[in-house]
Amino acid sequence: MIDIDLLRRTPDLVRQAVSNKAEKHADVNKACEIDAAWRKCRTETETLQKSKNDLDARIGLLMREKKAAEAESVKAESRALGEKIKAAEAEAKRLDEERRAALEWIPNLPHESVPVAADAAGNVEVRHWGERRTFPFTPLAHWDVGEKLGILDIPRGSKIAGSGFPLFVGAGSRLCRALVNWMMDVHVQEHGYVELNVPVIANRPTMYATGQLPKLEQEMYFVERDGLFLIPTAEVPVTNIYRDEILPGDTLPRYHTAYSVCFRREAGAAGKDTRGIIRVHQFEKVEMVKFVRPEGSFDELERLVGNAETLLQRLGLEYRVLLLSTGDMSFASAKTYDLEVWAPGVGRYLEASSCSNFTDFQARRGNIRFRDKEGKVRLVHTLNGSGLALPRVIVALLETYQNADGSVTLPEVLRPYLGGEATIRPIK
RNA sequence: GGAGCGGUGGCAGAGUGGUCGAUUGCGGCGGCUUGCUAAGCCGUUAUACGGGUUAUACCUGUAUCUAGGGUUCGAAUCCCUACCGCUCCGCCA
């Protein structure tokens, strides 16, 4: 949710941001008009209420003085006023809902450092890391590597739940566990995050606070019977842990990391990346979330990106860092970096992490605040980033470290988590 | 799944229809005291939104006693529903 004061004072600024972000659902003019109407209606309603409150107080006094007849006449007056208030309130409520609906569709404003462009073509590569490996043979795509090793069984995954629900077998499954444990250990032991184990199913207010609702409703799995959503990312439960709370200022910043299964319908992506595990409906991810003071939140974003990059570097995977343009970044974000890892088998970069500063946008929706030194209550800034999403890291690992004989030699850092094994060989 | 009980301010805990936004204690904040001293005394203590001054402060109004409905001139207080928590039973990884 954007700052209503910002909209009232500088509607042009908001209008420009909306246009830069290419949010066609957002109607700034309408939001402003409804807001003005709502305020007018509210003032009127409150004035009426004030009159009625005064009448009601008088009734109380009259009753105590045993002036029943007089009280009755005031009662009648109050009752009549009550009818008027009821109508005025209904109108105010209607306008408020309309206003909220209009505001909900207005995205967060992009930071001034974000390149203005219509789409992904305007993204800017800010860094590149690693040497591209050269192969003495033609590198296979991960689905072939995984199938030959017997560690990735896509047909049997489909049998159970449909396409997009991969099944990892043997060393493949163990690799998943190893990655999760290793990544979380690095975040907890070296980067100062406190780990969480969270619900992977969440209610509407939770989804609303992080901005999944209303825009991405069609993207999520929904459990009709209970009115609950399967989370598309651990960002959702983690960001919501302090929803409707006022945190003591001296406990900020708070860093949290959580591993979770993530569910995405990928509704708009039919036909894209249908092979392999680049785009799946269920996957695992380690997420980092920060709750910080507004001052310096963009510095926190740089450090967050660094935390994710550390992992790719230690895995020895080639990657690039993109600063997303206004047209490509998400609804709630003020600034986003994507980390794209190189996958030599499929011959392209894959998004393995997305790190964003949401400024106070999520905090306002979720009512996540802190008390500053002066005792004032203020909204926190929230940030989050993947660190990292498993499937695409696995794709990069299998494709980058495949050998001519079909085996895969894994990076040093993972070996303690793989029982000391360095190489995955075909299962007989 | 069955039965019962409960949800009040940062916390604890009063309050069963009208001067209750809510006694009191703790905590916090400000001040005083500095020979009753690992203390005492005094004061203060929420949030959201509207309006007045559309930067703050401040003033004022409305709302908020889990949430949403209802009864009533008037509800923290009565009724209904939902959610959450606790206890017992059943079931179960």
Side-chain angles (χ1 to χ4, degrees), chain A residues 1-14 31-100 102-103 197 199-209 223-229 237 240-252 261 294 360 363-380:
Chain A
M1 183 79 80
I2 63 148
D3 184 355
I4 186 75
D5 283 328
L6 197 69
L7 181 66
R8 285 171 188 164
R9 281 199 214 104
T10 55
D12 290 338
L13 197 78
V14 177
C32 288
E33 282 167 24
I34 295 169
D35 178 52
W38 171 76
R39 283 197 284 176
K40 184 160 172 282
C41 183
R42 190 185 164 104
T43 306
E44 290 166 4
T45 307
E46 285 181 357
T47 308
L48 290 174
Q49 186 63 55
K50 167 68 175 159
S51 313
K52 181 166 160 60
N53 285 351
D54 291 344
L55 287 182
D56 293 343
R58 256 179 64 204
I59 294 170
L61 285 174
L62 291 170
M63 297 294 273
R64 208 161 306 130
E65 294 167 14
K66 310 281 185 209
K67 297 177 181 169
E70 200 173 335
E72 281 308 317
S73 88
V74 182
K75 271 190 193 180
E77 204 179 328
S78 180
R79 205 175 296 138
L81 195 50
E83 292 301 313
K84 282 175 75 176
I85 291 171
K86 220 170 183 179
E89 265 177 353
E91 175 68 0
K93 191 176 176 188
R94 188 185 66 76
L95 285 168
D96 190 33
E97 275 164 12
E98 231 179 283
R99 182 179 81 125
R100 189 173 185 84
L103 287 174
N197 194 301
V200 298
I201 204 161
N203 54 26
R204 271 181 186 280
T206 300
M207 287 298 174
Y208 175 80
V223 183
E224 182 98 39
R225 190 167 169 185
D226 302 292
L228 297 168
F229 295 87
N240 272 279
I241 60 179
Y242 301 125
R243 179 155 51 87
D244 294 320
E245 290 189 32
I246 298 172
L247 303 168
D250 57 13
T251 64
L252 295 180
V261 180
D360 59 12
R364 186 172 294 106
R365 290 188 160 213
N367 204 24
I368 309 167
R369 297 169 296 174
F370 74 100
R371 200 176 293 279
D372 68 14
K373 279 201 179 75
E374 290 76 46
K376 262 196 81 171
V377 175
R378 303 170 63 196
L379 293 165
V380 302

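Values reported hereafter were calculated over all heavy atoms of this structure, with side chains retained and with hydrogens, waters and symmetry mates removed. Model, not experiment: these values are computed from the prediction. Labels below follow one simple rule: chain letters A, B, ... track the order of the sequence lines, proteins then strands, and each chain is numbered from 1.
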Separation of [X] atom [atom1] from [N] atom [atom2], in whole Å?
X: A:Arg204; N: B:C83; atom1: CZ; atom2: C1'; value: 16 Å
X: A:Leu62; N: B:G18; atom1: CG; atom2: C1'; value: 12 Å
X: A:Glu245; N: B:U66; atom1: CD; atom2: C1'; value: 15 Å
X: A:Arg378; N: B:A48; atom1: CZ; atom2: P; value: 13 Å
X: A:Asp3; N: B:U54; atom1: CG; atom2: P; value: 18 Å
X: A:Asn203; N: B:C84; atom1: CG; atom2: C1'; value: 12 Å
X: A:Asn240; N: B:C84; atom1: CG; atom2: C1'; value: 16 Å
X: A:Ile85; N: B:G61; atom1: CD1; atom2: C1'; value: 13 Å

Answer yes or no: is there a side-chain heavy-atom contact under 4.5 Å between [X] and [Y]?
X: A:Cys32; Y: A:Leu7; value: yes
X: A:Glu89; Y: A:Gln49; value: yes
X: A:Asp35; Y: A:Arg39; value: yes

- Query: If you count the non-hydrogen atoms of other residues, nucleotides and ligands that lie under 6.0 Å from CG in A:Asp5, is the total more than 12?
  - Reply: yes
- Message: A quick test of your reading: do over 12 heavy atoms of other residues, nucleotides or ligands sit less than 6.0 Å from CZ of A:Arg58?
- Response: no
Sort out the partner of [N] for me: Watson-Crick or G-U wobble, both distances under 3.5 Å, none otherwise.
N: B:G10; value: B:C26
N: B:G90; value: none
N: B:C5; value: B:G85
N: B:A48; value: B:U62
N: B:A76; value: none
N: B:G35; value: none

- Message: Would you say A:Thr206 and A:Asn203 are linked by a side-chain donor-acceptor pair, where the criterion is simply a distance under 3.5 Å?
- Response: yes
- Message: Can you tell whether the side chains of A:Asp96 and A:Lys93 come within less than 4.0 Å, N to carboxylate O?
- Response: no
Is any side-chain nitrogen or oxygen of [X] closer than 4.0 Å to OP1 or OP2 of [N]?
X: A:Arg8; N: B:C49; answer: no
X: A:Arg39; N: B:G51; answer: yes
X: A:Arg369; N: B:A48; answer: yes

- Task: Report the residue (A:Ala57 or A:Lys50) whose heavy-atom-nearest nucleotide on RNA chain B is the more 5′ of the two.
- Result: A:Ala57
- Message: Quick check: on RNA chain B, is the nucleotide nearest A:Leu61 upstream (toward 5') of the one nearest A:Asn367, or the reverse? Name the residue that is more 5'.
- Response: A:Leu61
[X] side-chain proximity, nearest of [options]:
X: A:Arg42; options: B:U56, B:A46, B:G61; value: B:G61
X: A:Gln49; options: B:G50, B:A63, B:U56; value: B:A63
X: A:Asn53; options: B:C49, B:A63, B:A55; value: B:A63

Distance between the [atom1] atoms of [N] and [M], in whole angstroms?
N: B:G15; M: B:U72; atom1: P; value: 28 Å
N: B:C41; M: B:C26; atom1: P; value: 9 Å
N: B:A93; M: B:A3; atom1: P; value: 25 Å
N: B:G6; M: B:U66; atom1: C1'; value: 12 Å

Between the protein and nucleotides 69-73 of chain B, are there any N/O to N/O pairs under 3.5 Å, and if so, what are the atom names and distances?
from  : atom 1 : to      : atom 2 : distance (Å)
B:G69 : OP1    : A:Lys93 : NZ     : 3.3
B:C73 : OP1    : A:Arg79 : NE     : 3.4
B:C73 : OP1    : A:Arg79 : NH2    : 2.8
B:C73 : O3'    : A:Lys52 : NZ     : 3.2
B:C73 : O2'    : A:Lys52 : NZ     : 2.8
B:C73 : O2'    : A:Asp56 : OD1    : 2.6
B:C73 : O2'    : A:Ser78 : OG     : 2.4

- Query: Does the salt bridge (charged side-chain N to carboxylate O under 4.0 Å, His left out) test come out yes or no for A:Arg100 and A:Glu97, once each step is laid out?
  - Reply: CA-CA 5 Å; A:Arg100 189 173 185 84; A:Glu97 275 164 12; over 6 Å; no
- Item | From CG (A:Asp360) to CE (A:Met1), nearest 0.5 Å | 11.5 Å
